[in-house]
Amino acid sequence: MSNKICIAIDGPAAAGKSTVAKIVAKELQYIYLDTGAMYRAVTYAALLQKLPLGDAVALGHMLAETAIRFEPGEVQQVFVGTENVTDVIRSLEVTANVSEVAAHPVVREELQKRQQVFAKEGGIVMDGRDIGTAVLPNAELKIFLLASVDERAERRYKENISKGFPSNLEQLKKEIEERDHLDYTREHSPLQKAADAIELDTTSMTIAEVATAIYDLAQTKIEH
């Protein structure tokens, strides 16, 4: 019986984390958990209820009563309660506000607890901003993905256009720079590379190359 490990993939917005995490999970026949989708789901729910996004107490109360779950599919389905929010949580409005919501310690602590429950048995690939440092500090394999702002903006632009969302490349560059600043400087669980994480700069790599590199690293860990 193969040894099932936990794989943590961190990095800034649009570094390719979710895309490669899904591929690696599929190849290893592991569970994939999109932690970013969880923060987006909370943001969507807060916007829907017209909650002030700076009000940590209101967000905490709302989250305590909010069930977030995943269902497998060609594209992993995300639900808030009984509502399928898979597509709407990728909207420009949610994207523009998710960093503010995610910066609240009450939100991060609750979602981190839920994420740790998912990972108890191993055999999971999880991506986000603080997986290797806060959520799964004992993960057997930690990856930190990087890419230039220009490359990440280009990727997000193509993704938005393919999904039918209106998009402006220069505006995306600005938003990614602002999100980087929020992610790296927030007080609670800021984005940072774990001391034992392996850094991969994906700027000049294809998705397939990144996924293969992580898969190979995972096999080495599984075999030892």
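Note that the structure is predicted; figures quoted are calculated from it, not measured.
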Is there a donor-acceptor pair under 3.5 Å between the side chain of Tyr215 and the backbone N or O of Leu28? no

Gln77 side chain vs Val75 backbone, donor-acceptor pair below 3.5 Å: yes

Which atom of Leu145 lies closest to which atom of Pro12, heavy atoms considered: O-CD, 3.2 Å

If every non-hydrogen atom of Met62 is compared with every non-hydrogen atom of Val42, which pair is closest and at what distance? CE-O, 3.6 Å

Within the 4.5 Å heavy-atom criterion, are Val125 and Ile214 side-chain neighbours or not? no

Is Lys173 paired with Glu170 through a side-chain N to carboxylate O contact shorter than 4.0 Å? yes

Steps toward side chain to side chain donor-acceptor pair (under 3.5 Å) verdict (Gln112, Ser189): CA-CA 10 Å; Gln112 284 170 7; Ser189 296; 3.3 Å; yes

Closest non-hydrogen contact found for Arg90 with Ala37 is NH2-CB, 3.9 Å

Smallest heavy-atom separation, Pro190 atom then Tyr184 atom, equals CB-O, 3.5 Å

Going through the distances and angles, do Glu151 and Arg155 end up as a salt bridge (charged side-chain N to carboxylate O under 4.0 Å, His left out)? CA-CA 6 Å; Glu151 176 66 20; Arg155 291 173 186 172; 3.0 Å; yes

Can you pull the salt bridge (charged side-chain N to carboxylate O under 4.0 Å, His left out) pairs that have at least one residue in residues 99-118, sequence neighbours excluded? Arg108-Asp130, Glu110-Arg114

Does Asp127 reach the main-chain N or O of Ile9 with its side chain, forming a donor-acceptor pair under 3.5 Å? no

If only side-chain N and O atoms count, and only distance matters, is there a donor-acceptor pair under 3.5 Å linking Thr203 with Arg152? no

Between the side chains of Ser148 and Asp150, is a donor N or O closer than 3.5 angstrom to an acceptor N or O? no

Is a donor on one side and an acceptor on the other found under 3.5 Å between the side chain of Thr133 and the backbone of Ala194? no

Validation row: Thr35, Val135 side chains within 4.5 angstrom (heavy atoms): no

Pairs meeting criterion salt bridge (charged side-chain N to carboxylate O under 4.0 Å, His left out) with involvement of residues 208-224, two or more places apart: none

N/O donor-acceptor pair under 3.5 Å between Lys17 side chain and Asp34 backbone: no

Give a yes or no on whether a salt bridge exists between Asp183 and Arg186, defined as a side-chain N under 4.0 angstrom from a carboxylate O. yes

Please answer whether the main-chain N or O of Gly132 pairs with a side-chain N or O of Lys142 as donor and acceptor at a distance below 3.5 Å. yes

Answer whether the closest heavy-atom distance between the side chains of Val80 and Leu48 falls below 4.5 Å. no

Does His104 use its side chain to pair, donor to acceptor, with the backbone of Leu53 at less than 3.5 Å? yes

side-chain contact (heavy atoms from CB on, under 4.5 Å) with Ser91: which residues, sequence neighbours excluded? Glu93, Val94

